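Chain A is the first sequence line, chain B the second, and so forth, proteins listed ahead of strands; every chain is numbered from 1. Model, not experiment: these values are computed from the prediction.
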Amino acid sequence: MAQVIVVTSGKGGVGKTTTSAAFATGLAQRGKKTVVIDFDVGLRNLDLIMGVERRVVFDIVNVIQGEARLNQALIRDKRVDTLAILPASQTRDKDALTREGVSTIIEELSADFDYILCDSPAGIEKGALLALYFADQAIVVTNPEVSSVRDSDRILGVLQSKSKRAEEKKDKVKEHLLVTRYDPNRVERGEMLKLEDVREILAIPLLGVVPENESVLKASNTGTPVIMDTESVAGQAYKDAVGRFLGEDLPHRFLEPDKKPGLFRRLFGGRAA
Amino acid sequence: MERAASDAARPRNPFARHGRSESALSSQTLPEAFRLRAGNFNLLVLRLLDPRPDAVLPALGDQFRRAPGFLRFAPIVIGLADLEAAPEEVDFRGLVEGLHKLEIVPIGTSGGTQAMKQAAQTAGLPPLRAVGGAETEPAAPPPEAVAAAAPPPPPAEAVPRPDFLGSGRAAMLVTEPVRSGQRIYAQGADLIVTATVNAGAEIIADGNIHVYGALRGRAVAGAADDATARIFALNFDPELVAIAGYYAVREGLGDAPIGKPTQVRLEGEEMRFAPLG
């Protein structure tokens, strides 16, 4: 049986899709058969971040409405052969997703894959609820910022009450905290919440901290999951997080602010860009 | 209003004495259709001081409006012990009707004279017997007073500590963080939370509230109008606190010890914040 993992946050723009793409790719690079599903019907983005937007023929709504078979809609990644993408529809209404339809798709994918990642839309409406409904595990993506933390807190409550596991009174969904866009320099200046504060409020195990990094934007624009950029700190942070997810004990990195500029640079006006 | 444990069936009840009485009651051949079990409940007692429904109902309606929703369809016991009136002076039918209109469900009576009980029974209010023969006070009064007034403990039960008598209230225990958007109500009970209560969450108890973590959301104690209820928090950082309908929002907390272990209680109409420990 495949493990169903929802990538969720409540708030928009915190890095759910970036995380879904990076994480799915990371798992697949480790040899796990992985499929990532875009649940953001109407605002699909995952195919762009994954660089497969020109190969989309059918999407999840076509499959649910019986207009295409699942295999026709699945896009096999050209870089990692254990990775597949099920895109969302850009033109349909969110109501086209039904619980029965999604259930059938997940059941069918379960036979062929080890991990099914569900990239949730923002909010706590139908699309987000469907994305988390079948989850065994949840990666809660949070920015070190008050409104993001509160929305994550809200979505954790929803996971505990509205997921299939909660409804069937099974073991609760396993929750992981992933803090993204973390900038230790701004934390030090008091402009961002400290990692400890975020952890204290949300009180779930920390999977990783991804630093704010320009490589993420570059990766999005070129359609390459940032985890493939092994030089970048964000790519390395995602790689660590995938390792921890698979049970490895890795220290958290990129939590300290940059070194203060030396006397020489301060004297001669070396301005940090 | 006070709280009392109603006794559906306590030691003298034949059903409760034998552990397996339900199997003796059910048929041998047919599949089991029901089970009779003893149960203890915490109920609100509406102690009547005035026999006229016209006097009781409007005041009651006012009080319930201050805590809207909390008591909707809550079962209530009519306390007759304090009523100084003849049975025929009390309009039980009118009272029952009026209570139903307020969305309160009277289920029986407690205390009162034999004649009074009978008068109530004709209006569909059977007499209930409080556990130990007396209603308990809503919160612990000074120990000496209670020890003197307390009934002898029922036989074969653990002897209650004298300093704990009078607070026969159950407690609801929450061990997981209470998250934004979640709402927990401990009806007729104290509420103990051993984790944090996050901003945007709401915890409500008819009794006291204890938070052994940070209290960052809203806490409403004494929701059934118990002004003696208190709120305790290890890290006091709430959005709002309320006791028996009196409330203070964060802005009005003034010099409360924010971020510190704190106790909140009501003194008259004033909310008091005191550091704990």
Side-chain angles (χ1 to χ4, degrees), chain A residues 6 8-12 14 120 122-126 128-129 132 135 138 140-163 165-167 169-177 179 190 193-206, chain B residues 69 172-187 189 191-205 209-220 223 231-241 249-251 253 256-262 276-277:
Chain A
V6 61
T8 184
S9 69
K11 194 173 182 299
V14 297
S120 171
I124 49 172
E125 307 302 322
K126 193 180 172 195
L129 293 180
L132 65 79
V140 177
V141 183
T142 306
N143 289 167
E145 175 236 329
V146 180
S147 62
S148 172
V149 172
R150 185 181 289 200
D151 288 0
S152 293
D153 191 47
R154 182 86 169 87
I155 209 82
L156 282 164
V158 174
L159 272 165
Q160 286 162 17
S161 59
K162 303 225 168 121
S163 64
R165 281 178 172 268
E167 280 182 5
K169 307 237 182 301
K170 289 193 187 154
D171 291 348
K172 65 178 217 171
V173 176
K174 193 173 173 195
E175 301 148 340
H176 307 271
L177 174 62
V179 177
L193 283 179
K194 285 203 282 277
L195 179 62
E196 298 86 81
D197 295 343
V198 178
R199 292 184 70 174
E200 203 252 330
I201 294 170
L202 295 179
I204 60 171
L206 179 67
Chain B
M172 178 176 177
L173 180 65
V174 175
T175 57
E176 296 277 301
V178 187
R179 304 199 178 276
S180 177
Q182 289 180 333
R183 198 163 185 240
I184 291 178
Y185 176 27
Q187 189 174 20
L191 177 60
I192 302 170
V193 183
T194 60
T196 62
V197 177
N198 279 340
E202 187 170 37
I203 52 173
I204 306 158
I209 287 177
H210 306 254
V211 180
Y212 298 104
L215 169 58
R216 299 202 177 92
R218 305 166 144 241
V220 178
I231 298 170
F232 308 86
L234 222 48
N235 179 348
F236 185 71
D237 191 11
E239 293 173 321
L240 172 148
V241 283
V249 291
R250 182 52 183 262
E251 265 188 15
L253 291 185
I258 298 296
K260 303 237 161 45
T262 302
L276 271 177

Flag side-chain contact, heavy atom, 4.5 Å: B/T196 against A/I201: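 A side-chain contact is absent here, since even the closest heavy-atom pair is not under 4.5 Å.
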Value for CD (B/E176) from NZ (A/K172), rounded to nearest 0.5 Å, stands at 4.0 Å
Between atom CZ of A/R154 and atom CG of B/N198, what is the distance when rounded to the nearest 0.5 Å?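 Taking CZ in A/R154 and CG in B/N198, the distance rounds to 12.5 Å.
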According to side chain to side chain donor-acceptor pair (under 3.5 Å), who are the partners of A/S152, at least two apart in sequence or on a separate chain?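 Counting only residues at least two positions away or on another chain, A/S152 forms a side chain to side chain donor-acceptor pair (under 3.5 Å) with A/T142.
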Who pairs with A/S148 by side chain to side chain donor-acceptor pair (under 3.5 Å), at least two apart in sequence or on another chain?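 Testing A/S148 for side chain to side chain donor-acceptor pair (under 3.5 Å), a comparison that skips the adjacent residues, returns none.
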Counting heavy-atom pairs under 4.5 Å to chain B, which of A/D151, A/L202, A/V158, A/I204 comes out on top?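 Heavy-atom pair counts peak at A/L202.
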Under 6.0 Å from the [atom1] atom of [X], do we count more than 12 heavy atoms belonging to anything else shown?
| X | atom1 | value |
| --- | --- | --- |
| A/E125 | CD | no |
| B/E251 | CD | no |
| A/K174 | NZ | no |

Search all heavy atoms of B/S180 against all heavy atoms of A/R150 and return the closest pair with its distance.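 So the two residues come closest at OG-CG, 3.7 Å.
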Minimal heavy-atom distance between A/G157 and B/Q182, with the atoms involved, is CA-NE2, 3.3 Å
